[in-house]
Student: 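I have a structure I would like to understand better, so I am pasting it below and will then ask my questions one at a time.
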Amino acid sequence: MEQQSTFVNWFRNSSPYIHAHRNRTFVIFFSGVAVTEPNFDNLIHDFALLKSLGVRLVLVHGIRSQIDERLLQQGDTPRFHHHLRITDQSTLQYVKQAAGLVRVEIEALLSMGLANSPMAGAKIRVASGNFVTAKPLGVLDGIDYCYTGKVRRIDSQAIHQQLDQNNVVLISPIGYSPSGEVFNLSAEEVATEVAIALQAEKLILMTEQNCLNPDNQKPVQQLTTGQANELLENNPNLPEAIARSLSAAIQSCQNGVTRAHLVNRQIDGALLLELFTRDGIGTLVSHAAFETIRTAVLDDIGGIMELIKPLEQQGLLVKRSREKLEMEISDYIIIERDGLIIGCTALHALADSGSGVIACLAIHPDYQRASRASHLLDYIYEKAGQFNFSKLYVLSTQTVHWFIERGFKPVSIDLLPEPLKSSYNPQRNSKVLCKIIS
């Protein structure tokens, strides 16, 4: 029963993300190594699930390991400079072979439809094509990269046409020139340029390991593009693949892609956990902060009511009607995390007293261990300063000591400003505290 309840709760909690992702364009990169491993079937199943939920899916695969394997079989040594392959005429043949083989293997897996399997009834159509126009990288540092190229243009219109026809688009790291030449490209670059050209909702980079904080070796949950840049600049010894993925995430978010995600493909189901749970499991990169504190607007009322309703039912907060919230909405301050209101409070002015009262301080139970209430209080101090308040009052039944630890002191009810004294409810027997702020 506990397992059933866990599944039901997860499924219900995932519904906002199912709605949010429907008809959105996701570009997903995965390496050539991923294709060769036994658990790649699970990743294919997850792609199929995304497709069934209405996600417009573009897949970009790598082929680096397959090229290396063919070179070594022929007794050749792979040649790189600044982490980019030098693709001579003979290597280019291996590039073509690897791209064709990997593409066919992926198409075969996406075509599965066996009964009693996750792909049953999927009926996925896959479209590939010459969507990428490329040009030679040329000579850098005196090194001729030969047939290693860079993206010149993405045929976004053709890709959109395929997506509009309900196809999954599969793109290899191969580009073509107007003169008919073929170029070997970086798969991360292709994925990035495709995401930018499509103005995709997400660029998802399936990595071989977690993105870790170099200071404590803990997974990094979220970064702004500025923070990601700092991480790269201050840590030149980051794993090469993570550094490439971070650079791709930064570039995409700076050029119109809403969000980029680094997701460790070694964790079974990591893609689903990242996309359909509130906190995810990978590293989210966005141009702006993922979690923000701001003044509430009318559209936030539903989220505020959902947050405070359990506390009202327990008698920890005074009940507020929707009408009252609408009238006082500009007094409210919220913490928003990925579209969810996880914290709120309010600062009400006390007429003709030069002071304000803090009310309705609430934090979602899942987010009560990261000083968010203190951040809300700091925001209140800033707002009180703008209003030139000299004192702040709070009436509390459960958080008295929390406020005392932050400089508030108990005061007598008789000392309250008249607007607050007249509205005091003796039946709640709230403790009254005050802090002088100027």
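Treat the numbers as computed from the prediction; the structure is a model and nothing was measured. The chain is numbered in sequence order, starting from 1.
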Student: First locate atom OG1 of T292, then atom CD1 of I334, and finally report the distance between them rounded to the nearest 0.5 Å.
Tutor: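 T292 OG1 to I334 CD1: 7.0 Å, rounded to 0.5 Å.
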
Student: Just how far is it from atom CD1 of I171 to atom CD of Q162, taken to the nearest 0.5 Å?
Tutor: 10.5 Å

Student: What's the shortest heavy-atom distance between C253 and T225, and which atoms?
Tutor: CB-CG2, 3.6 Å

Student: Would you please classify the geometry between the F30 ring and the H61 ring as parallel, tilted or perpendicular, with 30° and 60° separating the classes?
Tutor: tilted

Student: Would you name the heavy atoms of L232 and S247 that are closest together and state the gap between them?
Tutor: CD1-OG, 3.6 Å

Student: Looking at every non-hydrogen atom in both residues, tell me the closest pair between G280 and T277 and how far apart they are.
Tutor: N-OG1, 3.2 Å

Student: Closest heavy-atom contact between L271 and V263?
Tutor: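 In terms of heavy atoms, the two residues are closest at N-CG1, 4.0 Å.
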
Student: Mind checking what makes side chain to side chain donor-acceptor pair (under 3.5 Å) contact with R244, not counting sequence neighbours?
Tutor: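 R244: side chain to side chain donor-acceptor pair (under 3.5 Å) contacts with E188, E240.
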
Student: Using 30° and 60° as the class limits, which term best fits the ring planes of F183 and Y147: parallel, tilted or perpendicular?
Tutor: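 Tilted: the ring planes of F183 and Y147 meet at 30° to 60°.
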
Student: Quick check: closest heavy atoms across A200 and V27, and the distance to 0.1 Å?
Tutor: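 Scanning both residues, the minimum pair turns out to be CB-CG2, 4.0 Å.
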
Student: Can you give me the closest heavy-atom contact between P78 and L72, atom names plus distance?
Tutor: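 Closest heavy-atom pair between P78 and L72: CD-CD2, 3.9 Å.
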
Student: Can you confirm whether more than 12 heavy atoms, excluding those of K150, are under 6.0 Å from its NZ atom?
Tutor: no

Student: Anything under 30° is parallel, anything over 60° is perpendicular, the rest tilted; go ahead and classify F276 against H21.
Tutor: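 The rings of F276 and H21 stand perpendicular, inter-plane angle above 60°.
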
Student: Between T91 and D88, does a side-chain hydrogen bond (donor to acceptor under 3.5 Å, both in side chains) hold up when you go through it step by step?
Tutor: CA-CA 5 Å; T91 303; D88 57 20; 2.7 Å; yes

Student: According to the interplanar angle, ranging from 0 to 90°, do the rings of Y145 and H81 count as parallel (below 30°), tilted (30 to 60°) or perpendicular (above 60°)?
Tutor: tilted

